[in-house]
Amino acid sequence: MNFVEELRWRGMLHDMMPGTEELLAKEQVTAYIGFDPTADSLHIGHLCSVMILRHFQRCGHKPLALIGGATGMIGDPSGKSAERNLLTEETLQRNMAGMKAQLSKFLDFDSDAPNRAELVNNYDWMKDFSFLDFAREVGKHITVNYMMAKDSVKKRLNGEARDGLSFTEFTYQLLQGYDFLHLYETKGCRLQMGGSDQWGNITTGAELIRRTNGGEVFALTSPLITKADGGKFGKTESGNIWLDPRYTSPYKFYQFWLNVSDADASRYIKIFTALTKEEVDALIAEHEAAPHLRVLQKRLAKEVTIMVHSEEDYNAAVDASNILFGNATSDALKKLDEDTLLAVFEGVPQFEISRDALAAGVKAVDLFVDNAAVFASKGEMRKLVQGGGVSLNKEKLAAFDQVVTTADLLDDKYLLVQRGKKNYYLIIAK
C-alpha cells in the first residue's frame, strides 16, 4: 500500500517537500504528528491527523504520536488570534493519559512489530532544558528574519490580532523545531506531518536539523477540514464533538455524522473511515442514484461510531434514532439511559409535575391537560385517543382516563407523551 497515494485519493494531501514520496517508497520511515494536550480527550478536529497516522502504520511505517506537554504550556500562534491559558503539569498528565487511551483504538502501541506506534511527550526532553542552553544550542541557528517570514507570525504582527504576539508564542516555532531535531537524533524520525497551518513550524524544524547537523528530513501536510458551506468543521452550537463519551454521548456523536450534508459526506467518508477506494466509489454511486436514502451518511456514521466507540454503542445509537424517527417499541425506549433519553428528546417541550401526584395515580386526561399542557382541552385529547393518536412511552393510550402512576416512569423520572406522529412531550416528575 502506497501511503502518499492513499492520502491523495482520500483528499488528505495538501503539500509535501520534494523527495518525501521517494523516501517512503524505499524504506520504513518514522514520522510524527503533534497533538496539543489542552483537554483529556481528543475531538473530531483531531481525527484527520489520527487517521493519517493510522494509514501510515498500515502502510508499514512507524508512527510517533507526540503529546505537546511542553509546547502545550505555551500555545501555538498558528491560526490563533489570541494567546491561550497555560496548563499546569498535573492537568497535562491527566490529559495525556486520556489521549493515549483514545489513540490506542487507532494505532498499535503494544505489539512487537518493528513499526509499532510510540507515544512521546516533549515535556520529557524540555523540562530540564535551561533558557540559556536553549538560546545557545537552538536559538543561534535560526535567524529572527527567518522566523518573521512565517505566515503565523506575520498575521499576528500585522494587526489581525488585537494583542499582537508575545515572546512566548514567538518562540513556539523554535520549540516545535527542536522536537523534530530531538526525534531525528533519538528516534531516527525523518518526517513530520500535520495540518496545512503547521507548514511553517514543520519547515523551521527541517531547517534547524539542516543547520545543526546537516541532516535531511521531510514534511507532509493535510488540508484543514472545513464544511462545504465554508463553516468550521466539528463545531456545533453546544461546542466540540468529543471522542470521550463523557463529553459527547455516542448517540450525539452518531447523529453528528448522520446529519452532514451530501457534499460533506462524500468527502468525509474518504477522510474519516478506512473503507477502500472501491467501497467508497460504490457507496457514492449508490448515493447519487438515490440521495434521499442517505446511504453515505448512514455508512459514514456507522464506520466512525464503531471505530471511536463500539459496535454496541453504534447499535444503541441507531435504536435511539428509531425511537424518534421510526416505529420503535416501548422496550427500546426503556433501554435508553438517562443521558441518551435527554439527548434524543432535546428541544421537545418539557413539563414538570409533582411526583406525589403520580404516586397516588392520576387520570391521563387530567395529567395531560391540567398538570401538563400537552393538549389544549380534554375534548381534543378524547378525540385523539379514540383515533389511536396518543401514546405514552411508545404504547398507544387505551383510554383517555387511563390511570398513570410512578410505575410508568422511565428511569424513575420521565414520561414520554406522543401526540400524532411527530409531536413529542417530555414530562419530568420531581
Side-chain angles (χ1 to χ4, degrees), residues 9-12 39 41-55 102-103 105-106 195 222-277 279-288 290-326 328 336-337 339-347:
W9 82 258
R10 290 182 184 276
M12 297 169 78
S41 170
L42 298 168
H43 54 71
I44 60 172
H46 296 112
L47 256 188
C48 179
S49 291
V50 175
M51 292 304 293
I52 286 173
L53 287 179
R54 189 183 196 199
H55 293 310
Q102 291 173 340
L103 288 167
K105 291 189 173 185
F106 298 85
S222 60
L224 296 180
I225 311 300
T226 57
K227 295 196 289 189
D229 63 8
K232 191 165 184 180
F233 167 74
K235 288 278 190 183
T236 65
E237 287 180 9
S238 54
N240 286 321
I241 302 294
W242 299 94
L243 306 198
D244 191 316
R246 291 175 302 161
Y247 305 135
T248 300
S249 70
Y251 169 76
K252 278 196 169 180
F253 186 86
Y254 169 78
Q255 284 292 322
F256 171 83
W257 299 101
L258 192 64
N259 290 318
V260 301
S261 69
D262 289 354
D264 286 333
S266 62
R267 287 188 307 126
Y268 294 169
I269 201 159
K270 297 172 186 173
I271 297 168
F272 298 110
T273 77
L275 296 175
T276 66
K277 188 174 189 304
E279 288 172 311
V280 169
D281 288 345
L283 283 166
I284 289 173
E286 187 182 349
H287 181 87
E288 286 173 350
H292 63 285
L293 296 178
R294 298 177 68 76
V295 171
L296 274 181
Q297 284 92 337
K298 288 175 182 175
R299 187 60 182 276
L300 170 67
K302 176 181 180 178
E303 293 290 327
V304 186
T305 304
I306 290 175
M307 185 168 59
V308 169
H309 296 292
S310 69
E311 190 153 3
E312 186 182 359
D313 286 324
Y314 160 72
N315 290 330
V318 173
D319 289 344
S321 298
N322 288 336
I323 287 167
L324 195 54
F325 305 113
L336 295 187
D337 60 79
D339 287 345
T340 305
L341 176 74
L342 293 175
V344 170
F345 296 103
E346 185 177 25

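Sequence positions, counted from 1, serve as the residue numbers for this chain. The structure presented is a predicted model; accordingly, all values stated were derived computationally and were not measured.
- Glu303 places no side-chain N or O within donor-acceptor distance of the main-chain N or O of Ala274, the cut-off being under 3.5 Å.
- The nearest pair of heavy atoms linking Ser41 to Gln102 is OG-NE2, 3.0 Å.
- Using cut-offs of 30° and 60° on the angle between ring planes, the pair Phe272 and Phe233 is parallel.
- By the neighbour-count criterion of 12 heavy atoms within 6.0 Å, atom NZ of Lys105 is densely surrounded, having more than that number from other residues, nucleotides or ligands.
- The main-chain N or O of Leu293 is found under 3.5 Å from a side-chain atom of Lys298 such that the two form a donor-acceptor pair.
- Counting only heavy atoms from C-beta outward, the side chains of Ile241 and His43 never approach each other to under 4.5 Å.
- Between the side chain of His55 and the backbone N or O of Ile52 there is no donor-acceptor pair closer than 3.5 Å.
- Taking both residues in full, the closest heavy atoms of Gly195 and Leu224 are given as CA-CD2, 4.2 Å, listed atom of the first, atom of the second, then distance.
- Looking at Gln297 and Ile269, their side chains never come closer than 4.5 Å, going by heavy atoms from C-beta outward.
- Within the 4.5 Å cutoff, side-chain heavy atoms of Val344 are placed close to those of Tyr251.
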### Task
Given side chain to side chain contact (heavy atoms under 4.5 Å, CB included), test Met307 with Met51 step by step and report yes or no.
CA-CA 11 Å; Met307 185 168 59; Met51 292 304 293; 3.8 Å; yes
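- Side chains of Asp313 and Tyr254 form no contact here, defined as non-hydrogen atoms less than 4.5 Å apart.
- Leu296 is listed as a side-chain neighbour of Ile284, based on a closest heavy-atom distance under 4.5 Å.
- A donor-acceptor pair is defined here as one N or O able to donate and one able to accept, closer than 3.5 Å; no such pair exists between the side chain of Arg10 and the backbone of Ile271.
- To the nearest 0.5 Å, the span separating CG on Leu283 from OG on Ser266 amounts to 11.5 Å.
- The CG atom of Leu300 sits 10.5 Å away from atom CZ of Arg294, with the distance rounded to the nearest 0.5 Å.
- Interatomic distance, Leu342 CG to Asp337 CG, rounded to the nearest 0.5 Å: 9.0 Å.
- Put simply, CD on Glu279 and CZ on Arg299 are 6.0 Å apart, with the number rounded to the nearest 0.5 Å.
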### Task
Evaluate the criterion side chain to side chain contact (heavy atoms under 4.5 Å, CB included) for residue pair Ile44 and Ile225; output intermediate values, then yes/no.
CA-CA 10 Å; Ile44 60 172; Ile225 311 300; over 6 Å; no
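- Under a 3.5 Å cut-off, the side chain of Thr248 and the backbone N or O of Pro245 do not form any donor-acceptor pair.
- Between the Asp264 side chain and the Lys227 main chain, no donor and acceptor come within less than 3.5 Å of each other.
- Note: Lys270 NZ to Met12 CE = 12.0 Å, rounded to the nearest 0.5 Å.
- Nearest approach of Phe106 to Arg54, heavy atoms of both residues: O-CG, 3.4 Å.
- Side chain of Asn240 to main chain of Trp242: no donor-acceptor pair is present (N/O by atom type, distance under 3.5 Å, no hydrogens or angles).
- Rounding to the nearest 0.5 Å gives a distance of 7.0 Å between CG of Asp339 and OG of Ser249.
- When all heavy atoms of Pro250 and Ala317 are compared, the closest pair comes out as O-CB, 4.2 Å.
- In plain terms, the two heavy atoms of Ile306 and Tyr314 that are nearest each other are CG1-CB, 3.7 Å.
- Contact of the Val304 side chain with the Leu47 side chain is registered, since non-hydrogen atoms from C-beta on lie closer than 4.5 Å.
- Looking at heavy atoms from C-beta onward, Ile323 lies out of side-chain contact with Leu341 at the 4.5 angstrom threshold.
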